[in-house]
Amino acid sequence: MPKVIVVTSGKGGVGKTTTSASFSSGLALRGNKTVVIDFDVGLRNLDLIMGCERRVVYDIINVINGEVTLKQALIKDKHCDNLYVLPASQTRDKDALNLEAVGRILEELKESFDCIVCDSPAGIEHGAFSAMYYADEALVVTNPEVSSVRDSDRILGILAAKSKRAVEGQEPVKEHLLVTRYDPKRVAAGEMLSVDDIQEILRIPLIGVIPESESVLQASNSGTPAIHLEKSDVAEAYRDVVARFMGEDVPMRFTTAEKAGFLKRLFGGR
Amino acid sequence: MSLIDNLLDYLRGDTKKTAVVAKERLQIILAHERAGRNASSPDYLPALQEELLAVIAKYIHVDRDMIKVQLEKHGEYEVLELNIMLPEDKRAS
């Protein structure tokens, strides 16, 4: 049964697109036929993060308007087989993303893909709503920061009340909490909300913790989803997320600070 | 947090970490916002308010904004609260 998964957060800049790129790549690496759709019409960026910006010819709005077929608009990922990207339009209006048309596209994609990942724009406006409406599951990306946690709570409220599953009284959207930009040292110092705190507040199951890392910037610089990086905590954390999503029991990592040596602890320094 | 920082904190006596403050603030504001969401969600409330108003208007002259219908959640129970403010003169007579 094909799955529609929305990557959402409410707040901007928390790592939705980074997560969409790495998560969809991870699903594809594990043999799932996967498509990742950019819903940020007007401000598309998934193409840059996936490194396919120069191969974009058509976009989702062209497909909605019936100007091209889905097949013509899909871009094959260069890093892994099984993965395709459907870019957002850079020029057109967000209102072109009408709910019914999005539903039609998703149904067509379900015929040939196992996983459909929807990269939501920030906010709770039309674009974000059309990205989440058809979702079977949701990755709620949250930073350990008050504004991000509050916005995530708002998004969870909308998923529970206004998604297709909610409106039609089906089984609710399966929600997963993904905490990103996590810094265990600052948590240990009492300067940052802990994963436990966030989970206690939002009350949804945790699917993973992505540590704050310089390598995320390096990945986006080069147009390579972070999951492909060698020797990177972020890459491993995303691989764990994908494994958990596929039902494996993987212990949480990167949630506690490495023990500093005695001298370092005594004299501080980080 | 180094030993020296810990020591300084201890001496200063300001032990409440910002993460703790953040959590408390979030718990309070989200409890409030969730209550607001749940109370406003049933879409029959406005209609119910209108119909009650019509019935009451048959007997007493009340203003539109003198009647309030609210749904509140108290743990397991949902409480439908109906608030009608009668005009001063009617109550006196």
Side-chain angles (χ1 to χ4, degrees), chain A residues 10-11 124 140 142-163 166-167 169 177 179 182-204 255-270, chain B residues 1-53 67-83:
Chain A
K11 190 177 182 300
I124 49 174
V140 179
T142 308
N143 286 173
E145 197 208 314
V146 285
S147 48
S148 175
V149 176
R150 182 198 213 170
D151 291 358
S152 292
D153 190 69
R154 187 81 203 280
I155 288 290
L156 288 170
I158 297 174
L159 278 169
K162 300 198 174 146
S163 62
V167 174
L177 173 64
V179 176
Y182 196 66
D183 186 343
K185 274 191 211 149
R186 301 199 73 184
V187 173
E191 300 170 5
M192 184 181 269
L193 287 165
S194 71
V195 165
D196 292 342
D197 290 341
I198 300 171
Q199 224 189 328
E200 189 185 324
I201 293 166
L202 295 179
R203 305 178 210 151
I204 60 171
T255 51
T256 48
E258 284 169 45
K259 279 270 184 294
F262 171 70
L263 285 176
K264 201 172 169 194
R265 257 188 293 160
L266 188 59
F267 294 108
R270 348 185 316 186
Chain B
M1 178 97 351
S2 73
L3 195 74
I4 295 165
D5 284 339
N6 277 329
L7 201 65
L8 281 176
D9 270 358
Y10 179 74
L11 291 176
R12 271 194 235 115
D14 59 350
T15 44
K16 205 168 192 180
K17 304 287 190 195
T18 55
V20 177
V21 178
K23 187 180 177 186
E24 289 170 0
R25 290 176 61 215
L26 275 169
Q27 280 170 329
I28 293 167
I29 187 67
L30 291 184
H32 183 76
E33 287 177 353
R34 283 172 189 156
R37 273 208 296 270
N38 293 338
S40 60
S41 58
D43 42 8
Y44 58 79
L45 277 190
L48 177 64
Q49 175 156 351
E50 281 307 309
E51 283 176 37
L52 283 169
L53 189 68
I67 172 165
K68 290 228 159 59
V69 183
Q70 261 179 328
L71 196 64
E72 270 182 48
K73 205 163 191 168
H74 295 290
E76 295 273 294
Y77 304 97
E78 283 193 310
V79 177
L80 183 67
E81 198 180 283
L82 182 59
N83 236 312

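From a predicted model like this one, the values you see are computed outputs, not experimental measurements. Within every chain, numbering begins at 1; the chains are lettered A, B, ... in the order of the sequence lines, protein sequences first and strands thereafter.
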To the nearest 0.5 Å, how far apart are [atom1] in [X] and [atom2] in [Y]?
{"X": "A/Glu200", "Y": "B/Leu26", "atom1": "CD", "atom2": "CG", "value": "11.0 Å"}
{"X": "A/Ile201", "Y": "B/Ile29", "atom1": "CD1", "atom2": "CD1", "value": "12.5 Å"}
{"X": "A/Leu193", "Y": "B/Lys23", "atom1": "CG", "atom2": "NZ", "value": "8.5 Å"}
{"X": "A/Arg203", "Y": "B/Leu30", "atom1": "CZ", "atom2": "CG", "value": "9.0 Å"}

* **Nearest atoms (heavy-atom pairs only) where A/Gly190 meets B/Lys17** =>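 Looks like O-CB, 3.2 Å.
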
